[in-house]
Amino acid sequence: MEGLLTRCRALSTWATCSHQLSRYISHRCHHSASGRGQRLILSRMFQPQNLREDQVLSVEGKSSDLTCKSQRLMLQVGLILPASPGCYHLLPYTVRAMEKLVRVIDQEMQGIGGQKISMPSLSPAELWQATNRWDLMGKELLRLRDRHGKEYCLGPTHEEAITALIASQKKLSYKQLPFLLYQVTRKFRDEPRPRFGLLRSREFYMKDMYTFDSSPEAAQQTYGLVCNAYCSLFDRLGLRFIKAQADVGSIGGTISHEFQLPVDIGEDRLAVCPSCSFSANVETLGLSQMNCPACQGPLTETKGIEVGHTFYLGTKYSSIFNAQFTNAHGKPSLAEMGCYGLGVTRILAAAIEVLSTEDCIRWPRLLAPYQVCLIPPKAASKEEAAAELMGHLYDHITEALPQLHGEVLLDDRTHLTIGNRLKDANKLGYPFVIIAGKRALEDPAHFEVWCQNTGEVLFLTKEGVMEFLTQVQVV
């Protein structure tokens, strides 16, 4: 009887402690110590987590082959969920990462004079018929009719629309050029077999830029400027890339380059010269022998995922739509054009593909949905006294470090052990995870800081944590 009473008292004590800790965290998560706003807590995130392999297959369909690491991981940790074949719900973590990527893209595009616009997804058939691409694109175009019988497509790209827009401006002067106009919008492509998650889907986000210059020489200078901005973008993201000569395809023009991330599941075969800067898409150039056409040295072959594409178009589209400007001699001249695409959702998935382990997502630091995850002690554990210290640390970080405003998440699931929550944090790839463990009870308290991208583990005081996080660079 006495043993039973002892156990009952222990259970009562545990329940009381757990309830008190949960109430404390819940209350503090609603209002920070300064009353400046709510804490971001994990328990309120909409995120279907820890899907098993059979569950992943059930949501993707029986025909899916999950040979793609990024697709499997993004489904398992709740970054995406299928809506229909080739179409996905982008869930909160993914949207945050994508918004960060768009900000970096905006910085690079506007840094070279780009102006952001937004064009309709619905594109009239007559625009595409004028360039013959209504037939040339075939079944890849998603087509529809409105109630009046007028035909449209859901635009996979916007060369026709932007050129018609410029052509409608009848008093353009050479002094106004160049124009570098870009957008970040949903695009649509009726893939015959969507696969690999966001790497090959029917609906996706793309950044497409269209440039208008007064001469071929100026247009080629702009081409080089945009290509350099793309190189800068991928360098900032810490992604190794290959800039490869490529075919102009259905878009047309005379010069084209692909920006590829080397990875085994890539669908493009690339020939790269280790001795010089030459690289090309093998199918593009139809290389019959693996010798570099630039230096005659041996070429190596690799596979890649195309994440960007650039085209020098010349007057292919401006001549069809009569997109003109008045030159320095007062005469009408056709604008020289270029177009430049970046697959926004594809970059996200491709980055996860090349950076992650088989079990854990790793982000480019600039794109991580949250930079810091704080893990307080388990309820009724020996370390529960450190819960309040963790709350104070959260408030201090978010108030004293403006660059981390909105970037710190508190894992308030205190019914789980620290180890289980650390495992989840590792899967989601927060760059920094801070734990209030046994050493948080020391005087002074020391927090355990996990640097996920390097594997380093540090034990730092509150002041040490603040100094360490001061160095964190966030977009």
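Just so it is clear, the model here is predicted, and its values are computed rather than measured.
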With a 4.0 Å cut-off, would you call Arg202 and Asp190 a salt bridge? yes
Taking the ring of Phe325 and the ring of Phe212, is the distance between their centroids below 6.0 Å? no
Just by distance, do the side chain of Thr284 and the backbone of Asp247 share a donor-acceptor pair under 3.5 Å? yes
Between the side chains of Asn322 and Gln324, is a donor N or O closer than 3.5 angstrom to an acceptor N or O? yes
Hey, are Trp450 and Glu448 close enough side-chain-wise for a donor-acceptor pair under 3.5 Å? yes
Distance under 6.0 Å and angle within 45° of ring axis: Arg346 vs Phe204: no
Is Arg189 paired with Glu140 through a side-chain N to carboxylate O contact shorter than 4.0 Å? yes
Quick test of your reading of the model: are Arg39 and Asp412 salt-bridged, counting only N-O distances below 4.0 Å? no
Is a side-chain donor-acceptor pair under 3.5 Å present for Gln183 with Tyr210? no
Thinking salt bridges, do Lys100 and Glu407 make one under a 4.0 Å N-O criterion? yes
Checking Lys69 side chain against Ser356 main chain: does a donor-acceptor pair fall under 3.5 Å? yes
Please check: side-chain N/O of Gln176 versus main-chain N/O of Ser173, any donor-acceptor pairing under 3.5 Å? yes
Side chains of Arg362 and Asn426: do they bring a donor and an acceptor to under 3.5 Å? yes
How long is the gap from CZ on Arg236 to CG on Leu366, to the nearest 0.5 Å? 6.5 Å
What orientation do Tyr370 and Tyr430 show, parallel under 30°, tilted 30 to 60°, or perpendicular over 60°? tilted
Please determine if Glu159 and Lys316 form a salt bridge, counting it only when a charged side-chain N lies under 4.0 Å from a carboxylate O. no
Decide yes or no on salt bridge (Lys or Arg N to Asp or Glu O under 4.0 Å) for Lys187 and Asp208, but give the supporting numbers first. CA-CA 10 Å; Lys187 295 290 193 292; Asp208 45 327; 3.0 Å; yes
Using only heavy-atom distances, determine whether the side chains of Arg143 and Tyr152 contain a donor-acceptor pair under 3.5 Å. no
With under 30° as parallel and over 60° as perpendicular, where do the rings of Tyr230 and Phe234 fit, or are they tilted in between? perpendicular
Parallel, tilted or perpendicular: ring planes of Tyr223 versus Tyr312, cut at 30 and 60 degrees: perpendicular
